[in-house]
Protein chains: 2
Amino acid sequence: MAAEPTADGVERGEGLFVASVERTMRVLEAVAANQAPIGLTEIAAATGFGKSAVQRLTHTLTSVGYLEKDPATRRYRMTVRALDLAHGFLVTDPLINEGLLHLIDASERCGETVNMGKLEGTDFIYVARLPAHRMNVAAALIGRRQPAYCASGGRAIMSLLPRQEVEALLDARPLRALTPLTTTDRGRILEIVEQARLEGFCATNQEVLLGELAVSAPISDQFGRPVGAVQSSVSTASWTLEAVREKLAPQVMEAARLISRPRLAKR
Amino acid sequence: MAAEPTADGVERGEGLFVASVERTMRVLEAVAANQAPIGLTEIAAATGFGKSAVQRLTHTLTSVGYLEKDPATRRYRMTVRALDLAHGFLVTDPLINEGLLHLIDASERCGETVNMGKLEGTDFIYVARLPAHRMNVAAALIGRRQPAYCASGGRAIMSLLPRQEVEALLDARPLRALTPLTTTDRGRILEIVEQARLEGFCATNQEVLLGELAVSAPISDQFGRPVGAVQSSVSTASWTLEAVREKLAPQVMEAARLISRPRLAKR
DNA sequence: GTCATTGTATCGCTGACCGATACTTGTTAT
DNA sequence: ATAACAAGTATCGGTCAGCGATACAATGAC
């Protein structure tokens with residue numbers, strides 16, 4: 001009865017695994033993943049749990065303060081308590097601690113939206129955002145995810161990963177186009193990543209969101225491994241890809257360089 | 001066997017309450033509340049659960065990806081997954097959706113750190129932050145809590161609450177001084193709140209953090225109930241309390257006014 | 001109105017989880 | 001070095017928390 005590896009990669013069995021904990025988190029995820037309040041049956045469908053189980057879990061999560069039920073619609077949403085957990089992460093994450101100051105500097109220097117993010121699974125996820133001009137609000141939030149293969153931040157990070165890991169990332173999920181301009185050709189993405197490795201940054205043209213240009217540079221630890229990326233996104237209304245490469249890329253690279261740990265000498 | 005209310009306000013019993021869910025969240029809270037990675041025994045102490053239970057819970061939370069164990073120190077910390085939950089909250093919260101644009105405007109207009117927060121329990125908690133100059137990083141994070149009675153944001157919100165609720169807030173916890181300048185006199189705080197009600201804003205002088213001046217204005221819904229506050233914090237190195245009241249307060253009030261829902265006519 | 005759908009309440013059975021405890025590893029003191 | 005201690009890990013049998021089924025109630029769609 002040893003460690004039966006299961007389809008989804010989470011190792012159950014093993015004696016110490018508490019199923020209710022997993023169910024709890026899955027329900028929270030289902031609620032959080034929805035852009036709007038979500039009903040009982042929808043949660044059941046999203047998680048695959050029975051209605052009874054979901055009923056108990058949401059009830060409890062509500063009474064401990066993490067979910068909130070709109071009495072009129074009977075739909076659930078996350079509460080501000082989620083920010084307590086997020087705060088716990090932000091406070092202990094070295095990238096935030098060491099990077100935020102430089103990020104603020106960069107933001108003031110270039111006067112545009114500057115962000116920081118890291119790789120989580122196959123996604124690039126924003127961990128710090130300093131929006132400059134009015135912009136799409138939903139797009140400006142911490143915790144937003146973008147597929148690594150098409151986000152400039154994701155590609156920048158990949159540029160410091162060994163080829164093998166990059167390929168694994170690209171194979172891990174279908175390469176779908178988010179906009180008509182998204183590059184979905186595996187070989188072409190590998191070329192872009194390679195170019196990013198040579199240039200030290202990666203600029204993209206509306207591959208995630210129409211009207212948005214983005215440029216990123218990777219942040220590395222003392223071993224040269226990427227731990228995140230500095231990213232800046234601007235509107236096509238006031239920028240061209242060329243201007244981004246010339247004006248913004250150096251700023252982003254400089255910020256990333258300052259945040260990166262100096263590389264240890266090989267011994 | 002109806003709804004035995006328990007000491008901490010959380011209603012257990014009641015058939016639908018799942019104890020493991022509560023335990024799960026308590027463990028996450030214990031980890032998140034720590035400013036640094038935390039060990040098994042410390043979690044057990046913080047939560048009051050047995051070591052075995054904590055062992056199982058942390059094990060499971062780790063394997064589903066919300067906690068991370070440093071293999072060297074065997075201590076746990078939150079992972080970036082916490083941001084997924086936070087993102088779920090931010091996306092559905094109307095205050096964020098309607099407020100962030102105005103907040104960005106205000107930030108550009110006054111060139112100083114501008115924040116938004118809401119009341120949660122007896123704390124003022126930041127839900128959006130736009131840091132301007134280099135500043136204390138830990139102080140600049142989303143999810144940071146401050147006691148409502150001494151934070152300018154908390155007082156601004158209280159200024160729109162009925163007297164009775166304000167008093168309840170002040171009685172709910174001991175009024176401790178966070179700095180030598182913190183007002184801890186209950187009567188004096190009530191006066192300050194009253195003054196905020198008359199002026200439409202509340203400015204404080206280093207009552208939470210030495211070197212930090214803050215000014216806030218409340219955001220209200222269509223019934224005139226406060227739902228949050230716009231706040232700006234600046235350094236004593238470049239500002240005086242007077243300058244804050246004259247220059248910054250109007251900006252903050254304007255932003256709060258724009259975010260607030262127009263008050264419905266009484267019928 | 002009727003019907004379909006979603007949310008709520010109840011209940012008895014059972015295996016997942018609990019707590020105790022023994023073991024291992026790492027750290028501190030002498 | 002070695003002991004003494006603390007922190008973390010592994011194991012196990014008994015039992016009651018929580019599971020699923022199902023019946024009931026409330027919405028709202030038509």
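Chain letters run A, B, ... following the sequence lines, proteins first and then strands; every chain starts at 1.
By the side chain to side chain donor-acceptor pair (under 3.5 Å) test, B:Ser52 is found to be paired with no residue, residues two or more places apart in sequence or in another chain being considered. Every residue two or more places apart in sequence or in another chain was checked for a side chain to side chain donor-acceptor pair (under 3.5 Å) with B:Thr73, and none qualifies. Contacts of B:Glu165 classified as side chain to side chain donor-acceptor pair (under 3.5 Å), with partners at least two apart in sequence or in another chain: B:Arg225. With sequence neighbours excluded, the residues satisfying side chain to side chain contact (heavy atoms under 4.5 Å, CB included) with B:Gln222 are B:Arg261, B:Leu264. Remark: A:Tyr126 pairs with A:Phe124 by the ring-ring contact (aromatic ring centres under 6.0 Å, His included) rule, at least two apart or across chains. Residues meeting the side chain to side chain contact (heavy atoms under 4.5 Å, CB included) test with B:Pro262, sequence neighbours left out: none. Under the rule for a side chain to side chain contact (heavy atoms under 4.5 Å, CB included), the partners of B:Thr58 that lie at least two apart in sequence or sit in another chain are B:Val27, B:Leu40, B:Ile43, B:Val54, B:Leu67, B:Tyr76.
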One pair to check against side chain to side chain contact (heavy atoms under 4.5 Å, CB included): B:Arg144 and B:Asn115. What are the steps and the verdict? CA-CA 11 Å; B:Arg144 183 178 172 220; B:Asn115 309 301; over 6 Å; no
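B:His59 has its NE2 atom 12 Å from the C1' atom of D:dA10, to the nearest Å.
Here the range on DNA chain C touched by chain B, meaning any atom under 4.0 Å from one of its heavy atoms, is C:dC18 to C:dG26.
At a cut-off of 3.5 Å, with distance as the only test, no side-chain donor of A:Thr92 or B:Arg77 sits close to an acceptor on the other residue.
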Per-nucleotide protein contact along nucleotides 18-30 of chain D, 5' to 3', at a 4.0 Å heavy-atom cut-off (B base, S sugar-phosphate only, - neither), is SBBBB---SS---
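Between the two ends of the helix from C:dG1-D:dC30 to C:dT30-D:dA1, each summarised by a five-pair axis, the helix axis turns through 60° (rounded to 10 degrees).
Between the side chain of A:Asn97 and the main chain of A:Asp93, a donor-acceptor pair closer than 3.5 Å is present. The main-chain N or O of A:Ser220 is found under 3.5 Å from a side-chain atom of A:Ser260 such that the two form a donor-acceptor pair.
Applying a 4.0 Å cut-off to non-hydrogen atoms, none of the residues of residues 36-46 of chain A approaches DNA chain D.
Listed by first and then second residue, the salt bridge (charged side-chain N to carboxylate O under 4.0 Å, His left out) pairs involving residues 53-63 of chain B amount to none (not counting sequence neighbours).
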